[in-house]
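Take a look at the structure set out below.
On a predicted model such as this, the values are computed, not experimentally measured, just so you know. Along the sequence shown, residues carry numbers from 1.
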Amino acid sequence: MDVRVGDVLTMKKTHPCGSVRWEVLRTGADFRLKCLGCGHEVFGSRLKFEKNIKKLERPQAE
């Protein structure tokens, strides 16, 4: 899956704050994601997060 820095991911499972939207801060073998509800940052393997992606939103290029 082509995930880039700055993309917003909608995940299948909700974060404890109630949000399902995450911003991608870092890509590679691992992802660093920031919850758009509470601002909490998580770091984990690409495989784990790619399984949970429901929708990918890419910001419009100017």
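- The side-chain hydrogen bond (donor to acceptor under 3.5 Å, both in side chains) analysis of residues 42-56, with sequence neighbours excluded, yields the pairs R46-E50.
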For residues 18-40, run the donor-acceptor check on the side chains, cut-off 3.5 Å, and write out each pair with its distance to 0.1 Å, sequence neighbours left out.
residue : atom : partner : partner atom : Å
S19     : OG   : R21     : N            : 3.2
R21     : NH2  : E57     : OE1          : 3.0
R26     : NH1  : D30     : O            : 3.4

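- Cluster membership for M1 and M11, using ILVMFWY side-chain heavy atoms within less than 4.5 angstrom, is shared.
- Side-chain contact check for L56 versus V8: every heavy-atom pair is 4.5 Å or farther apart.
- Its side chain outside the 4.5 Å cluster rule for every partner, F43 clusters with none of the Ile, Leu, Val, Met, Phe, Trp and Tyr residues.
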